[in-house]
Amino acid sequence: MAASALLVVLITILLPPVGVWAIAGCGADLFINICLTLLGYIPGHIHAFYLEYVYYDRREQAREGRFAARRAAGVYSDRVQTGGHGYGTMVPPTS
């Protein structure tokens with residue numbers, strides 16, 4: 001997992017939209033990142049690294065059996081929200 005994260009970060013440093021596409025796919029997050037990158041290279045980077053942080057954080061939480069109670073702000077991709085698990089659905093933990 002660390003190797004894939006490192007590869008995505010290296011790609012994001014060069015081209016932020018490609019890094020976003022790798023974790024979020026083609027959707028609203030990619031469109032927003034393309035616009036931010038065109039407006040300024042740094043805003044595109046900030047957005048891309050935020051999405052990657054949310055994705056890998058949620059992925060780690062799901063691996064540990066914990067699920068986030070709320071959606072991350074400003075993230076529209078269900079794939080990023082769930083850390084790539086559940087195909088857009090999250091089952092709340094039962095107690």
Quiz prompt | Spacing of CD belonging to Glu52 relative to NE2 belonging to His45, to within rounding of 0.5 Å | solution = 9.5 Å
Counting only pairs under 3.5 Å, give me each side-chain donor-acceptor contact of residues 18-26, with atom names and distances, residues two or more places apart or in other chains.
none

Quiz item: So how far is it from Thr37 OG1 to Ile42 CD1, rounded to the nearest 0.5 Å?
Solution: 10.0 Å
Quiz item: Pro16 versus Phe49: any side-chain heavy-atom pair under 4.5 Å?
Solution: no
Practice problem: Please report the closest heavy-atom contact between Asp29 and His47, naming both atoms and the distance. | Solution: O-CE1, 3.5 Å
Self-check item: Gap separating the CD atom of Glu60 from the OH atom of Tyr55, nearest 0.5 angstrom
Solution: 12.5 Å
Scan the side chains in residues 69-76 for donor-acceptor partners under 3.5 Å anywhere in the protein, sequence neighbours excluded, and list what turns up.
residue: Arg71; atom: NH1; partner: Asp78; partner atom: OD1; Å: 3.2
residue: Arg71; atom: NH2; partner: Asp78; partner atom: OD1; Å: 3.4

Quiz item: Under a single-linkage definition using a 4.5 Å side-chain heavy-atom cutoff for Ile, Leu, Val, Met, Phe, Trp and Tyr, are Ile13 and Ile11 assigned to the same hydrophobic cluster?
Solution: no
Exercise. For Arg66 and Gln61, indicate whether the former's side chain and the latter's backbone hold a donor-acceptor pair under 3.5 Å.
Key: no
Quiz item: Considering residues, nucleotides and ligands other than Phe31, do more than 12 of their heavy atoms fall under 6.0 Å from its CZ?
Solution: no
Quiz item: Same cluster for Leu51 and Tyr53 if Ile/Leu/Val/Met/Phe/Trp/Tyr side chains link at under 4.5 Å?
Solution: yes
Practice problem: Find out if a path of hydrophobic residues (ILVMFWY) with successive side-chain heavy-atom gaps under 4.5 Å connects Val54 to Tyr56. | Solution: yes
Exercise. Only counting residues at least two apart or in another chain, list the ones meeting side chain to side chain contact (heavy atoms under 4.5 Å, CB included) with Leu38.
Key: Ile34
Quiz item: CG of Leu10 to CG of Leu15: how many Å apart, nearest 0.5 Å?
Solution: 12.5 Å
